[in-house]
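Some notes on the structure that comes next.
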Amino acid sequence: MAYDRSSIEKKWQERWERDGLYRTNEDAEKEKVYVLDMFPYPSGEGLHVGHPKGYIATDVFSRKKRMQGFSVLHPMGWDAFGLPAENFALKNKTHPRQAVEQNIARFKAQLAHLGFDYDWTREINTTDPAYYKWTQWIFLKLFEQGLAYQSDEPINWCPSCMTGLANEDLDGNVCERCGTPVIKKRLPQWVLKITEYADRMLDDLNALNWPEHIKEAQRNWIGRSEGAEIPFVVGDGSVTVFTTRPDTIFGATYLVLAPEHPLLRQGPTGQALLERIANTREVEAYIKAAEAKTEIERGAEGKKKTGVKLEGVTATNPATKEEIPIYVADYVLGSYGTGAIMAVPAHDERDFEFARAMDLPIRQVIAQRYTQTTQPGVYRPGEPILEKNGVIAIIRHWKEKKYLGLKWKDVTWGTFLTGGVEEGMTPEETVLKEIREETGYLHARIAGKLGVVDGLFYHVPKQKNQLVHAHIFSVELADDAREDVVPEEGAKHELLWLTPDKLAKFLTPETHQHSLRLLQNGPAPYTGTGSLVNSGEYTGRNSDEAKWEMTGAVGGKKVVRYKLRDWVFSRQRYWGEPIPIIHCEKDGAVAVPYEDLPVQLPDVDQYEPTGTGESPLAAIHDWVNTSCPKCGGPATRETNTMPQWAGSSWYYLRFMDPHNDHELVSAKNEKHWAPVDVYVGGDHAVRHLIYARFWHKFLYDIAVVSTSEPFARLEFLGFILAEDGRKMSKRLGNVINPDDVVAQYGADAFRAYEMFMGPFENTTAWSMASIAGTARFLERLWAGQELVVDAPVAALDPLVHQTIKKIGEDIETFKFNTAVSQAMIFLNAVEKEGKIGHEQWSAFLRLLAPFAPHITEELWERLGEPYSIHLASWPAYDPAHLVSDTAEVVVQVAGRKRGSIRLPNEAGEADALAEALKLPAVAAALAGKTPSRVVYVPGRIVNLVA
RNA sequence: GCCGUGGUGGCGGAAUUGGUAUACGCGUACGACUCAGAAUCGUAUCCCGCAAGGGUUGAGAGUUCGAAUCUCUCCCACGGCACCA
């Protein structure tokens with residue numbers, strides 16, 4: 001009997017539908033599992049073979065859980081508001097509502113061919129007024145709690161989509177949808193206070209069972225940093241800066257304000273800074289130029305620093321009490337921190353570049369520490385450390401470009417001249433003294449101090465760890481005049497004049513390599529922590545430890561800042577949920593009363609964006625004009641709509657109770673289903689997942705939901721590329737339609753192949769040749785029914801149990817590729833045996849049912865089992881049957897495989913050794929020697945070491 | 001640049017409390033069936049070598065009886081962020 005897949009698939013799809021086989025209910029008797037796909041945006045393109053991959057995975061998972069007796073929620077719906085749907089409608093001259101309906105019908109038809117176990121009675125659609133009533137309801141709750149507010153701060157505006165966008169809608173500096181560079185535009189906006197939840201969203205990430213890269217992306221996006229706000233006195237007022245490195249304050253040699261800084265235009269206590277300076281026009285011109293630049297233009301200039309000094313005003317460094325200049329520069333962002341920074345060029349790369357460009361002083365206040373890790377002198381942790389000051393003197397030859405190196409005799413070290421600074425002496429004095437004593441040169445002069453570096457190493461002659469704060473000097477010799485040195489000094493080392501190239505190879509300690517680099521390249525910014533230098537009373541302390549103490553001493557305070565911005569929530573477009581607010585001249589922004597929800601999106605002919613910053617809804621006068629719910633006077637409706645992400649920020653809750661018209665979700669159903677146990681999707685690492693977490697936490701706070709996180713586990717979906725390795729797209733003409741694949745190979749082969757392609761999270765290219773292999777497997781499965789006999793086949797027993805274990809565990813952990821592989825291994829063994837017992841075949845069919853639901857249902861019926869296999873119980877395995885009584889044990893000699901022996905599982909080491917020695921290859925490898933050691937791992941290996 | 005993830009045959013990939021590296025599938029070659037082809041089935045398939053044997057998991061070192069797996073250094077690919085002080 002041939003395998004007629006298309007009629008089998010059609011037959012069972014119709015029967016399942018007719019019987020409502022996958023209807024879900026809140027069965028309190030059973031343990032629940034909620035398995036969810038990121039619901040699709042029904043685009044006009046229809047599905048390509050990449051889309052169903054995640055749906056197949058959740059389908060396999062949910063089918064297995066159903067067979068295990070769980071109450072399963074596995075729903076599907078449509079995320080249909082937003083720009084793509086509207087743009088599609090504009091292009092095709094249809095109404096978005098109509099376009100969405102068509103697209104959904106097309107998607108559903110395509111999905112129907114794949115045999116999914118969705119409960120379609122729970123289907124939802126974000127554009128359905130019965131649905132978006134609750135999206136509006138959540139907005140009103142946010143408004144009530146002060147978490148939705150109006151603002152007219154400049155926002156990102158896409159000139160092509162003609163709407164404002166949130167930071168999350170940008171791809172770098174361009175609109176994520178259309179690739180147009182965004183501009184800044186001042187518009188009245190609704191903004192959601194997502195920053196209020198930044199800390200909780202960050203902290204709660206740790207407990208989530210999500211892929212690390214997604215958690216990391218969220219951490220990056222939230223961008224929490226701990227720092228200090230420190231006031232700097234400027235004339236009769238002050239400027240507060242934000243810094244994460246208050247420990248470097250002694251090195252702050254100038255101040256920088258962002259061009260947008262408010263103090264430039266209005267002073268806190270008096271005059272605006274702009275009016276107090278001598279070069280007002282110059283500064284104003286710079287500010288104007290900076291504001292006119294798009295972010296793209298700034299990026300195109302690279303990171304080149306520009307800026308202009310405020311002439312006639314200075315700030316006081318609160319640590320050093322020095323007067324320092326103030327600059328306006330666009331490398332400081334107005335939107336982060338306080339819009340003002342203290343610049344520490346020695347310890348910040350940007351400040352360093354700016355200081356170089358403006359020729360500003362660079363003052364080192366932190367010494368970098370080098371811990372010696374190469375011999376000799378490797379630092380020995382745990383042993384006491386002797387801390388002292390020292391000097392490194394780089395002495396230049398009087399004529400040639402060579403420097404003095406010391407080759408030590410009792411240790412294999414090469415160094416510059418060094419010395420310890422003794423009590424009562426300065427480093428400078430020490431340098432001159434050491435030169436006389438160690439080298440005898442008479443006419444040395446200190447040319448400059450290059451910096452300070454810390455070296456932590458083991459001093460071999462002194463047998464002690466040393467932490468040396470080394471002051472680095474460059475020294476010049478006027479001539480070769482020289483006196484004799486005391487013999488014991490001269491005996492310690494040999495003096496060599498070396499070129500810089502030779503020195504780079506010659507110098508042993510890292511601190512001396514560092515000194516050489518300083519000499520050759522000049523200072524480089526060091527952004528790490530270390531010992532403080534040039535920092536008054538804090539000199540010598542560890543910068544990390546002194547950080548907050550120093551903050552307090554200069555009148556600063558510890559603060560936390562985020563990169564995350566509040567969520568710009570208004571869109572000047574038609575196809576979105578109306579924001580349920582009424583503007584009244586007397587009462588301001590007033591909430592639409594709950595009983596008046598939903599505020600329906602009016603049906604109109606003209607829905608093109610206006611481009612003026614006004615929503616197309618503004619033109620619909622009889623919709624806009626209304627009365628104030630508070631005072632009854634004339635009022636107008638808010639005409640902006642919500643962003644695409646609104647409806648998807650809570651849809652997973654609606655699936656729990658999709659037809660409830662008096663609550664978003666009933667407490668009973670929420671308790672039953674929450675949280676989503678497994679959430680599957682790709683891409684939306686930041687936007688959707690961060691918005692949904694935000695709304696969920698808010699709903700938790702107002703007691704609508706009972707869990708603090710919406711998605712307990714997240715499985716990341718790797719995409720499917722076209723056969724040519726590129727992304728599938730209409731433009732490239734490489735799209736593969738699942739309908740065609742199903743017609744050729746059947747839904748079961750399609751499903752099994754997508755699961756077999758590779759690890760679920762991997763991006764892999766489609767292969768028509770490979771799917772043929774999976775189709776062959778199903779053909780052989782079909783033929784396998786001829787091999788069924790009544791009695792179990794003993795030889796297959798361990799494999800049956802291994803396969804039950806393996807496939808079950810692999811489905812749980814989303815390792816579908818190895819589950820399918822195990823099924824292939826099993827079928828290979830069955831064919832080799834030429835027969836399989838009825839019970840064994842029954843178990844095998846059930847294991848495959850989640851992957852290939854149609855063919856297994858048919859074979860199940862032919863086996864004489866009662867409908868439906870998908871309600872049958874998941875097979876159990878017996879650990880006692882996992883292994884056979886004997887096992888293949890590999891014999892190694894000195895770690896090399898020399899053969900293998902078959903041993904009973906309970907064989908002891910003596911037996912194993914005796915058997916192993918019988919192998920000729922083993923005897924040959926031992927060459928007559930008796931093994932001095934035997935490593936025996938029962939069931940695995942016996943290793944003889946001679 | 002910073003952070004994250006990974007690197008195994010011609011290809012997708014398997015193997016992790018350290019214990020036979022390359023399972024399973026694709027591709028390829030040869031053979032069978034056939035007038036012939038398609039389909040199907042069988043055999044082979046990491047590299048060097050006639051063989052015995054030796055080598056191999058991005059490179060190099062280390063720990064171990066034994067390393068794809070653990071440690072260190074480096075290289076490369078992918079993803080996120082990026083003038084965020």
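Just the heavy atoms: all of them, side chains too, but no hydrogens, waters or symmetry mates, feed the values below. Chain naming here is simple, since letters A, B, ... match the order of the sequence lines and numbering starts at 1 in each.
Between A/K305 and A/E349 no salt bridge is recorded (no basic side-chain N to carboxylate O distance below 4.0 Å). Salt-bridge formation is not detected for the pair A/E353/A/R356: no Lys NZ or Arg NE/NH1/NH2 atom is positioned less than 4.0 Å from an Asp or Glu carboxylate oxygen. A salt bridge links A/R5 with A/E779: the distance from a Lys NZ or Arg NE/NH1/NH2 to an Asp or Glu carboxylate oxygen falls below 4.0 Å.
The salt bridge (Lys or Arg N to Asp or Glu O under 4.0 Å) contacts involving residues 899-910 of chain A comprise A/E888-A/R902, where partners must be two or more places apart or lie in separate chains. Within the structure, the salt bridge (Lys or Arg N to Asp or Glu O under 4.0 Å) test picks out the following pairs touching residues 816-833 of chain A (sequence neighbours left out): A/R780-A/E831. Note on residues 748-771 of chain A: pairs passing salt bridge (Lys or Arg N to Asp or Glu O under 4.0 Å), not counting sequence neighbours, are A/D59-A/R751.
Atom CG of A/D348 and atom C1' of B/C2 are 14 Å apart (whole Å). Following rounding to the nearest Å, A/F851 (CZ) and B/C24 (P) show an atom-to-atom distance of 18 Å. When rounded to the nearest whole Å, the span between CD1 of A/I222 and C1' of B/G4 equals 16 Å. Between the C1' atom of B/G79 and the CZ atom of A/F719 lies a distance of 11 Å, rounded to the nearest Å. Rounded to an integer number of Å, the gap from A/Y753 OH to B/G13 P is 10 Å. If you take OH of A/Y526 and P of B/G1, they are 18 Å apart, rounded to a whole angstrom. For the pair A/F242 CZ and B/C83 C1', the computed distance is 15 Å after rounding to whole Å. Atom C1' of nucleotide B/C26 and atom CE of A/M824 are separated by 10 Å, given to the nearest angstrom.
Of the candidates B/A85, B/G13, B/G19, the closest approach to any side-chain atom of A/P759 belongs to B/G13. Comparing B/G4, B/G19, B/A85 by their nearest atom to the side chain of A/V935 picks out B/G19. The side chain of A/N762 sits closest to B/G13 out of B/G13, B/C26, B/G25.
The side chain of A/R245 places no N or O atom within less than 4.0 Å of a non-bridging phosphate oxygen (OP1 or OP2) of B/A85. Distances shorter than 4.0 Å separate none of the side-chain N or O atoms of A/Y331 from OP1 or OP2 on B/A85. The side chain of A/N817 places no N or O atom within less than 4.0 Å of a non-bridging phosphate oxygen (OP1 or OP2) of B/A23. For B/C11, neither phosphate oxygen OP1 nor OP2 lies less than 4.0 angstrom from any side-chain nitrogen or oxygen of A/S770.
You'll find the side chain of A/P798 stays beyond 4.5 Å of the side chain of A/V883, heavy atoms only. At a threshold of 4.5 Å between non-hydrogen side-chain atoms, the residues A/P525 and A/H347 do not count as touching. With a 4.5 Å cut-off on side-chain heavy atoms, A/Y936 and A/L913 do not count as touching. Side-chain atoms of A/Y254 and A/M358, non-hydrogen and from C-beta on, never get closer than 4.5 Å to each other.
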### Task
Please test A/Q744 against A/I771 for side chain to side chain contact (heavy atoms under 4.5 Å, CB included), starting from the C-alpha separation and ending with a verdict.
CA-CA 10 Å; A/Q744 194 179 350; A/I771 192 177; over 6 Å; no

### Stepwise side chain to side chain donor-acceptor pair (under 3.5 Å) check, A/E168 with A/W567
CA-CA 8 Å; A/E168 288 80 5; A/W567 181 6; 5.4 Å; no

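At most 12 non-hydrogen atoms from other residues, nucleotides or ligands lie less than 6.0 angstrom from NZ of A/K835.
At the heavy-atom level, A/G337 lies nowhere under 4.0 Å from the strands shown. Residue A/S900 is out of contact with every strand shown, counting any heavy-atom pair closer than 4.0 Å. Residue A/S335 is out of contact with every strand shown, counting any heavy-atom pair closer than 4.0 Å. Across all strands, A/K305 comes closer than 4.0 Å to base atoms (heavy-atom distances). At a threshold of 4.0 angstrom between heavy atoms, the contacts of A/R933 include nucleobase atoms, whether or not backbone atoms are also involved.
Nearest-nucleotide mapping onto RNA chain B: of A/G339 and A/V945, the residue sitting toward the 5' end is A/V945. Each of A/I825 and A/I941 was matched to the nucleotide of RNA chain B holding its nearest heavy atom; the match closer to the 5' end belongs to A/I941.
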### Task
Produce a footprint string for nucleotides 39-56 of chain B: one letter per nucleotide, 5' end first; B if the base is under 4.0 Å from any protein heavy atom, S if only the sugar-phosphate is, - if neither.
-SS------------SS-

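A donor and an acceptor atom, one from each side chain of A/Y286 and A/T306, are located under 3.5 Å apart.
Not a single side chain to side chain donor-acceptor pair (under 3.5 Å) links A/R940 to another residue, sequence neighbours left out. Under the rule for a side chain to side chain donor-acceptor pair (under 3.5 Å), the partners of A/N734 that lie at least two apart in sequence or sit in another chain are A/D724. Applying the ring-ring contact (aromatic ring centres under 6.0 Å, His included) rule to A/F750 yields the partners A/W766; only residues at least two apart in sequence or on another chain are considered. Residues satisfying the salt bridge (charged side-chain N to carboxylate O under 4.0 Å, His left out) criterion with A/R565, sequence neighbours excluded, are absent altogether.
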Write out a two-atom table: protein N or O, nucleotide N or O from nucleotides 66-72 of chain B, distance below 3.5 Å.
none

Show the distances under 3.5 angstrom between N or O atoms of the protein and N or O atoms of nucleotides 80-82 of chain B.
unit_1	atom_1	unit_2	atom_2	d
B/C81	O2'	A/K563	NZ	2.9

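Taking the P atom of each, B/G10 and B/C75 are spaced 26 Å apart, rounded to whole Å.
Of the residues in residues 805-815 of chain A, none has a non-hydrogen atom less than 4.0 angstrom from any atom of RNA chain B.
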### Query
Pairing of RNA chain B as dot-bracket, 5' to 3': ( ) intra-strand, [ ] crossing, | other strand, . unpaired, with Watson-Crick or G-U pairs under 3.5 Å?
(((((((..(((......[....)))((((((.......))))))(((....)))..(((((..]....))))))))))))....

